[in-house]
Chemist: 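Dumping the structure here so I can ask a few things about it.
Order of listing sets the numbers, starting from 1, for every ligand and every atom in it.
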Amino acid sequence: MDVTRARAWQTLTTYTKAESLLRHALAVEASTRFYARLFGEDEEFWGCAALLHDFDYELHPTLDKHPQDGAPLLREEGYPEELIETVLSHAEHLELPRDTLLKKTLFACDELSGFIHACGLVRPTGLEGLEPKSVRKKLKQPSFAAGVHRDEVYAGAELLGLELDEHIANVVAALRPLAAELGLPTGN
Ligand SMILES: [Fe+2]
Ligand SMILES: [Fe+2]
């Protein structure tokens, strides 16, 4: 099959109806696409893997099933193993090797996209003017966006060989054009 954005979106929306999950998928897609452009990689393929990484979460909301029980569904639809392996590798509990740049990038973008999304939601101007310094400060407040695993945010930047501030700035830049779709104030 041809892995296209339209196909991936169709798969995602077949299994996922919750707006919050769709927004998470869009945010991780935008961040992963940003890095695909930066690294000169296949933006469409990277974006599809990111869009689908939590596609089965509504169906399998627990870690004894997500994302491992989603893999056969993707296989049935004809997605290539490279994409399926990438989707599986985002899950810490599966302890799979992150042995491609795409796997590293997806892991690095997953939690941080959610966190920056949360930062934007509590600011009147959304992501406009959001500096890495204030994101870092919020990372140190355990009660803020408590569901985001801080250790995975730090590990992700390290995996990409980036300073945390640079990684934060990249993800903010990636999400900014999506502000309206993510339900963020657009500052105007
Ligand atoms: Fe997940
Ligand atoms: Fe995710």
Chemist: Let me check your reading of the structure: within less than 2.8 Å of the Fe ion (ligand 2), is there an N/O/S atom from E111?
Modeler: no

Chemist: Return yes when at least one N/O/S atom of H24 is nearer than 2.8 Å to the Fe ion (ligand 2), and no when none is.
Modeler: yes

Chemist: Answer yes or no as to whether an N/O/S atom of D54 is found below 2.8 Å from the Fe ion (ligand 1).
Modeler: yes

Chemist: Check whether any N, O or S atom of H53 sits under 2.8 Å from the Fe ion (ligand 1).
Modeler: no

Chemist: Would one find more than 12 heavy atoms of other residues, nucleotides or ligands at under 6.0 Å from atom CD of E44?
Modeler: yes

Chemist: Between D64 and T62, do the side chains contain an N or O donor and an N or O acceptor separated by less than 3.5 Å?
Modeler: yes

Chemist: Any idea how H90 and H66 line up, ring-wise: parallel (<30°), tilted (30 to 60°), or perpendicular (>60°)?
Modeler: tilted

Chemist: Is E131 salt-bridged to R136, going by a charged N under 4.0 Å from an acidic O?
Modeler: no

Chemist: How about H167 and Y35: does a side-chain donor come under 3.5 Å of a side-chain acceptor?
Modeler: yes

Chemist: Could you pull out the atom name of the N/O/S atom in D110 that is nearest the Fe ion (ligand 2)?
Modeler: OD1

